[in-house]
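In what follows, a single structure is set out as structure tokens and then discussed.
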Amino acid sequence: MSLIKKTAAELAEALAAGETTSVEITQAYLDRIAEVDGAVHAFLHVDGEGALAQAAASDARRAAGTLKSALDGVPIAVKDVLATQGLPTTCGSKILEGWIPPYDATVVARLKAAGLPILGKTNMDEFAMGSSTEHSAYGPTHNPWDLDRIPGGSGGGSAAAVASFEAPLALGTDTGGSIRQPGAVTGTVGVKPTYGGVSRYGLVALANSLDQVGPVTRTVLDSALLHELIGGHDPRDSTSIDQPLPDLVAAARQGATGDLSGVRIGVITELAGDGWQPGVMARFTESVELLVKAGAEVVEVSCPNFVHAMAAYYLILPAEASSNLAKFDAMRYGLRVVPDGDPSAEEVMRATRDAGFGDEVKRRIILGTYALSSGYYDAYYGQAQKMRTLISRDFEAAFASVDVLVSPTAPTTAFKLGEKLDDPIAMYLNDLATIPANLAGVPGISVPSGLADEDGLPAGFQILAPALADDRCYRVGAALEAALASQWGGPLLDKAPELGSLVEPVETLGGTA
Amino acid sequence: MPEITRDEVAHLANLARIDLDDAELDHLAPQLSVILESVASISGVAGDDIPPTSHAIPLTNVFREDVVEPCLTPEQALSGAPAVEEQRFSVPRILGDEQ
């Protein structure tokens, strides 16, 4: 098997066995990026030189017997919403073009402390607002399964990088589904941890009560390995949970044995029906049957308030975002546009925010400003916060009778680029099934469930667990992954187009792509 | 459900400190009306007895020991500034002529 197609766990084993080096692995991924990223556009910035230097340092540590972690030497890509000292961090926005953070996000510092070479920064919808990566100010990412289609969003770059073998691992962030929905439409694995389970320090906030950093990988075990490495308490994030993570790797390994005896699974009644693509539902139903065969007990569970989750989300998110994005004032960092004449600071601010923010960001800032206006606050934001309570209660009631809840991750497979770009509501509907977890703070994973019959494109299977019980997502996810792989005769990504032969090579590395 | 008018969008953009031109106002106002209409279903669903949730994981104030910790140097803090003067952020005038 070629080096780039190995999982992160396999790469770690190959390194341990002395079969390869971190420099060799890192170079192989950089070569792959050079070969296919002109067509995929998963990366906004590739740091070839830095990654190779970190890889050489890892190889030196291995020779000296001073390894820092199980994944020491395995390279990774990082979503461009996470601050990386010395590397550009744009959040997919013109307002941060060229910004080089003077500090690392905690998760980035933990990657460095664990010895993972950082390949570069991945593309995203501007400030993580979107479900298609088309709202990036630097052009969309293309789905490796069909380059005319969206890779999901907002973390389409991270998902596409992993799906097209441009990286074995990536970090994403999930505010309403931005890790899980791209995972579903690209045939990869994505995890949104329990809120507070992974530090948000250095994550440029979209909606701080909903955002979580999480793993983007090709296998459930790789996500568990990465999650353990980035997770755990951080005194720099006051919403960080001060208790140890469950043993996620052990849960993934237990699940992979294929035995789910005694596990109670609830199928969410409300997340199915009209508007759900038949091929997506067919793969979901088959997956549920496989879980039953593995010994799980499956029941249907109603979460009646989930039908209001999207409305609550699109009031809470813009309200928080409009406040968070007020910091882009053209004074301390980022873009400054100076109108003619002798403009005041406020006029500079207005002109900068008009020039620096894209359409979707403006829509959400204005919507948030409206929802927080006196006279509308109780009717909108106040109601949305009450709905959040009701959705959390639905989860509590459900988890009293089942261990995990399941649904398809997204209602459809990847749609065509441009198809929903100017229809915000159609775009928002992609996150129907993923939003409730963010509102309640519970963890969720998306695992590939197969290809839809209509279009041959990947669909995802979502598993949700109670807060702090992230290990259950890994156990059930790994069991499903194992059952499906044995049915398919290998991982789903084996069926993806090779890409390499299809596209023009990119000649240069290291610059902003 | 009050429809959101073009004038209201202009007012909100003003509050949010974004200069929207006429074309943007024409484009955004009807879209915002559609979005508001779709989230309006939420009103009245939760009764007065339902407490609001602002954060999924209930937390009270988190404190740390009052000790000095490493932080950015002045050079680092100013490294992304559009304009710097005498180790300070340099900004345009704050007041108008009449002020």
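Just so we're on the same page: letters track the sequence lines, and every chain starts at 1. The structure displayed is predicted, hence computed values, not measured ones.
- Both the backbone and the side chain of B:Asp48 come within less than 4.5 Å of a heavy atom of chain A.
- Your options are A:Met349, A:Met331, A:Arg332, and the one with the most heavy-atom pairs under 4.5 Å with chain B is A:Arg332.
- Looking only at distances, no side-chain donor or acceptor of A:Ser238 sits under 3.5 Å from a matching main-chain atom of B:Val62.
- Scored by the side chain to side chain contact (heavy atoms under 4.5 Å, CB included) test, B:Glu75 finds B:Thr73, B:Gln87 as partners (sequence neighbours excluded).
- Looking at B:Leu28, only its side chain comes within 4.5 Å of chain A, counting heavy atoms on both sides.
- Minimum interatomic distance between A:Asp422 and B:His27 (heavy atoms only, all atoms of both residues): OD2-CE1, 3.1 Å.
- Heavy-atom minimum distance, A:Ser209 versus B:Ser54: CB-O, 3.5 Å.
- Scanning both residues, B:Ser79 and A:Ile100, for their nearest heavy atoms gives OG-O, 4.5 Å.
- Distance alone, capped at 3.5 Å, is enough to place a donor-acceptor pair between the A:Arg353 side chain and the B:Arg17 backbone.
- Contact of B:Pro70 with chain A is made through the backbone alone, with heavy-atom distances under 4.5 Å.
- Heavy atoms of B:His11 lying under 4.5 Å from chain A are absent altogether.
- The heavy-atom pair separating B:Asp19 from A:Asp354 by the smallest distance is O-CG, 2.6 Å.
- In terms of the side chain to side chain contact (heavy atoms under 4.5 Å, CB included) criterion, residue partners of B:Ala46 (sequence neighbours excluded) are, by chain and number, A:Gln383, A:Lys386, A:Leu390, B:Ile50.
- Of the listed residues (A:Ala467, A:Ala440, A:Pro343, A:Pro235), the one with the most heavy-atom contacts under 4.5 Å to chain B is A:Pro343.
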